Amino acid sequence: MKNLSSLVKSIRNIMRNDPGINGDAQRMEQIIWILFLKVYSIREENWEFDEDNYISIIPEECQWSNWAVDNGTGKALTGDKLLDFVNNTLFKKLREIPVTRETPVRKAIVQTMFAEANQYMKDGVLLRQVINLIDSIDLYDYDGIHAMGNLYESFLRELQSAGSSGEFYTPRAITDFMAERIEPHLGETMADFACGTGGFIVSWIKQLDKQVKTAEDIKLRNHSIYGVEKKQFPYMLAITNLLLHGVDEPNIVHGNSLTHNVLDYTEADAFDKILMNPPYGGSEKKNVQSYFPKDLAGSETADLFMSVIMYRLKPNGRAAVVLPDGFLFGTDNTKLNIKKKLLSEFNLHTVVRLPQSVFAPYTGITTNILFFDKTGPTKETWFYRVDMPEGYKHFSKTKPIKLDHLKPCQLWWKNRKVIRDTKGENSYKANKYSAEDIKANNYNLDLCGYPTVEEEILSPEETILHFQEKRAILNNKIDRQIKKIEALLGGDA
């Protein structure tokens, strides 16, 4: 197989000449449904080997070996015949696959994958070239399932899907760090209610792999996960990602986690561990807000996901959640009520503050990781600030955050202590605050901040986001001062 980077470059160059493809997002979606069918055909070979009476859910003429493989005899479909087959037979039949509640997940995902997938290419000769290149990837040469996963992630990096498709994918260093801190164990269940491409789920699986010793352990690992993704494109990425990591029945739901009444959740709907980077900055409509109690029914997407997490975490369960600074210092009624519920019903034991450019170049919003468990109310909360590593002014697509950059925090985690910051008076890199201190400060979690700000040039879009964030901080500070003045004057605080 040719070098992966040059192979991806070749695919992109071919697609640039196709009049139906516009941008990396469409290129990636085109590649994903083709790659999915190739990967699925390989998984089916394994299932056929393990099961004497295995029957594929894919109609025979639509199976990879019967239409996609070009054996060099000149009989492989190409040009208009290939386009006609893909558009009018392949997509049509895969979308119409009958699926019931009894259909195994590993079979049902084929119909779900193609329910909203798109075939953009309009040149059948170019489509044949792309299929041949993807078919040339000899996945059998790699050392097991994890190498397949690495291949898939290389596709993601090469095609820059995060920026192109409008999704902010969590860096692998962050998902691995969070999964390790949450301490996965075989037999536990884990959920991500806005799972994107499945990054947190893969990191969870990697942690469990260290404990897998038997075939029964593998089953426990594969059945421990649950994900939900609203958008079709990330959903397709997640399914393919998990198949590549050896999860034969990816329990990923194509739907919206916010359109279910949270008060209706029972113990059966709860999970031992929750790992998430919920979408933030978005605004939900009134009909979505109606699924939440009035005191928690804000319009901010991340706030609503925080409520879902709190309602679906098992007793003694643990959660790790990425949230923007706006949640930490926010004083609107919804955020205050969420933080009151969080501190009174859960143990918010640690907040890790991340550098501003962790998600660069896709967003410059400063983020934090909240670690909490359902073991009782919060008594004290530790804050730890991750600084930029030496030699870095900011992270970027070519210089992303690495797990090594989080090692100081990993070491501190095991032996916690207060760390004063020499760059600012009364400033701390790590410190703990009692729940009473946080409550007295109007539930403001904006603690252990950054004493210095590195100068960097932002795009117009990032400049607007940066300005909006700073304006929100200032507005909240003004609101707090006004409330204090009103209280002193005897008005309503």
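The first residue in the sequence is number 1, and the count goes up from there. Treat the numbers as computed from the prediction; the structure is a model and nothing was measured.
Without hydrogens or angle criteria, Arg312 side chain to Asp269 main chain gives a donor-acceptor distance under 3.5 Å. Of the possible polar contacts, one joining the Thr259 side chain to the Asn256 backbone as a donor-acceptor pair under 3.5 Å is found. Side-chain N or O atoms of Ser203 include none that pairs as donor or acceptor with a backbone N or O of Ala179 at under 3.5 Å. Without hydrogens or angle criteria, Lys273 side chain to Ile182 main chain gives a donor-acceptor distance under 3.5 Å. Listed for the Asp217 side chain is a donor-acceptor partner under 3.5 Å among the backbone atoms of Thr214. Under a 3.5 Å cut-off, the side chain of Asn241 and the backbone N or O of Thr197 do form a donor-acceptor pair. Within the 3.5 Å criterion, the main-chain N or O of Gln356 finds no donor-acceptor partner in the side chain of Thr366. Side-chain atoms of Asp192 do not come within 3.5 Å of backbone N or O of Gly227 as any donor-acceptor pair. Judged by distance alone, with hydrogens and angles left aside, the side-chain atoms of Ser56 form a donor-acceptor pair with the main-chain N or O of Ile58 at under 3.5 Å. Checked by atom type and distance alone, the side chain of Arg128 pairs as donor or acceptor with a backbone atom of Ala68 at under 3.5 Å.
For the pair Phe177 and Leu403, the minimum side-chain heavy-atom distance is below 4.5 Å. No side-chain heavy atom of Lys107 sits less than 4.5 Å from a side-chain heavy atom of Val99. A heavy-atom distance below 4.5 Å is not found between the side chains of Leu220 and Gln211. Counting heavy atoms from C-beta outward, Met28 and Leu237 have side chains that approach closer than 4.5 Å. Using a 4.5 Å heavy-atom cutoff, the side chains of Val39 and Trp64 are not in contact. Within the 4.5 Å cutoff, the side chain of Ile309 has heavy atoms near those of the Met276 side chain. By the 4.5 Å heavy-atom criterion applied to side chains, Ile14 and Leu133 are counted as neighbours. Within the 4.5 Å cutoff, side-chain heavy atoms of Val351 are placed close to those of Thr381.
For Lys286, the NZ atom sits in a loose shell: 12 or fewer heavy atoms of surrounding residues, nucleotides or ligands are nearer than 6.0 Å. The neighbour count for Ile55 CD1, taken as heavy atoms of other residues, nucleotides or ligands under 6.0 Å away, does not exceed 12. Around atom CD of Glu51, more than 12 heavy atoms belonging to other residues, nucleotides or ligands sit under 6.0 Å away. Within 6.0 Å of atom CG in Asn22, 12 or fewer heavy atoms from other residues, nucleotides or ligands are found, so the atom counts as exposed in its surroundings.
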* Report the C-alpha distance between Asn222 and Glu249 in whole Å, list the side-chain angles of each, state the deciding distance to 0.1 Å, and finish with yes or no for side chain to side chain donor-acceptor pair (under 3.5 Å). => CA-CA 7 Å; Asn222 289 353; Glu249 297 195 3; over 6 Å; no

* Worked check of side chain to side chain donor-acceptor pair (under 3.5 Å) between Glu183 and Gln207 -> CA-CA 8 Å; Glu183 298 181 359; Gln207 290 297 318; over 6 Å; no

* **Intermediate values then yes/no, salt bridge (Lys or Arg N to Asp or Glu O under 4.0 Å), Arg221 and Asp209** => CA-CA 8 Å; Arg221 182 199 76 157; Asp209 279 342; 2.8 Å; yes

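Scanning all heavy atoms of the two residues, the minimum distance from Tyr280 to Ala302 falls at CB-CB, 3.7 Å. Shortest non-hydrogen contact noted between Ala238 and Cys195 is CB-SG, 4.4 Å. The minimum heavy-atom distance linking Ile401 with Pro171 is given by the pair CG2-CB, 3.9 Å. A pairwise comparison of heavy atoms in Pro279 and Glu300 identifies O-OE2, 4.4 Å as the closest pair. Residue Ala297 comes nearest to Gln289 through the heavy atom pair O-OE1, 3.1 Å, listed as atom of the first residue, atom of the second, then distance. In plain terms, the two heavy atoms of Met236 and Met113 that are nearest each other are CA-SD, 3.5 Å.
In this structure, the separation between CE on Met306 and OG1 on Thr301 is 14.0 Å, given to the nearest 0.5 Å. Going from atom NZ of Lys374 over to atom CG of Leu313 covers 6.5 Å, rounded to the nearest 0.5 Å. To the nearest 0.5 Å, the span separating CG on Leu275 from OG1 on Thr170 amounts to 10.0 Å. Rounded to the nearest 0.5 Å, atoms CG (Leu323) and CD1 (Ile369) are 10.0 Å apart. Atom CG in Asn368 sits 14.5 Å away from atom OH in Tyr384 (nearest 0.5 Å). Met121 contributes atom CE, which lies 5.0 Å from atom CG of Leu126 (distance to the nearest 0.5 angstrom).
We find that Asp176 and Lys206 are joined by a salt bridge, their nearest charged nitrogen and carboxylate oxygen being less than 4.0 Å apart. For Lys407 and Asp404, the salt-bridge test passes: some basic side-chain N is under 4.0 Å from an acidic carboxylate O. Between Lys38 and Glu45 there is no salt bridge, since none of the side-chain N atoms of the basic residue sits less than 4.0 Å from a carboxylate O of the acidic one. In summary, Asp272 and Lys314 engage in a salt bridge, as defined by a charged side-chain N under 4.0 Å from a carboxylate O. A salt bridge does not link Glu116 with Arg95: every distance from a Lys NZ or Arg NE/NH1/NH2 to an Asp or Glu carboxylate oxygen is 4.0 Å or more.
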Would you give me the side-chain donor-acceptor pairs under 3.5 Å for residues 334-341, sequence neighbours excluded?
unit_1	atom_1	unit_2	atom_2	d
Lys335	NZ	Asp303	OD2	3.0
Asn337	ND2	Asp295	O	2.9
Asn337	ND2	Asn333	O	3.0
Lys339	NZ	Phe327	O	3.0
Lys339	NZ	Leu328	O	2.8
Lys339	NZ	Gly330	O	2.9
Lys339	NZ	Tyr443	O	3.0
Lys341	NZ	Glu345	OE1	3.0
Lys341	NZ	Glu345	OE2	3.2

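Between His260 and the options Tyr311, Phe193, Phe292, Tyr265, a ring pair (Phe, Tyr, Trp, His ring centres under 6.0 Å) holds for only Tyr265. Applying the side chain to side chain donor-acceptor pair (under 3.5 Å) test between Tyr120 and each of Gln26, Gln30, Glu29 identifies Glu29 as the sole match. Trp382 pairs in a ring pair (Phe, Tyr, Trp, His ring centres under 6.0 Å) with only one of the listed residues (Phe372, Trp412, Phe371), which is Trp412.
Judged purely by distance below 3.5 Å, without hydrogens or angles, the side chains of Thr175 and Arg172 pair a donor atom with an acceptor atom. Counted by atom type alone, Glu96 and Gln111 present zero donor-acceptor pairs between their side chains at under 3.5 Å. No hydrogens or angles considered: a donor-acceptor pair under 3.5 Å links the side chains of Arg416 and Thr350.
The stretch residues 82-117 participates, sequence neighbours left out, in these ring-ring contact (aromatic ring centres under 6.0 Å, His included) pairs: Trp33-Phe91, Trp67-Phe85, Phe91-Phe114.
For Tyr40 and Trp47, the ring centers sit closer than 6.0 Å to each other.
Glu102 pairs by the side chain to side chain donor-acceptor pair (under 3.5 Å) definition with Thr100, not counting sequence neighbours.
The aromatic rings of Trp413 and His349 sit perpendicular, their planes meeting at an angle over 60°, well past the 30° parallel limit.
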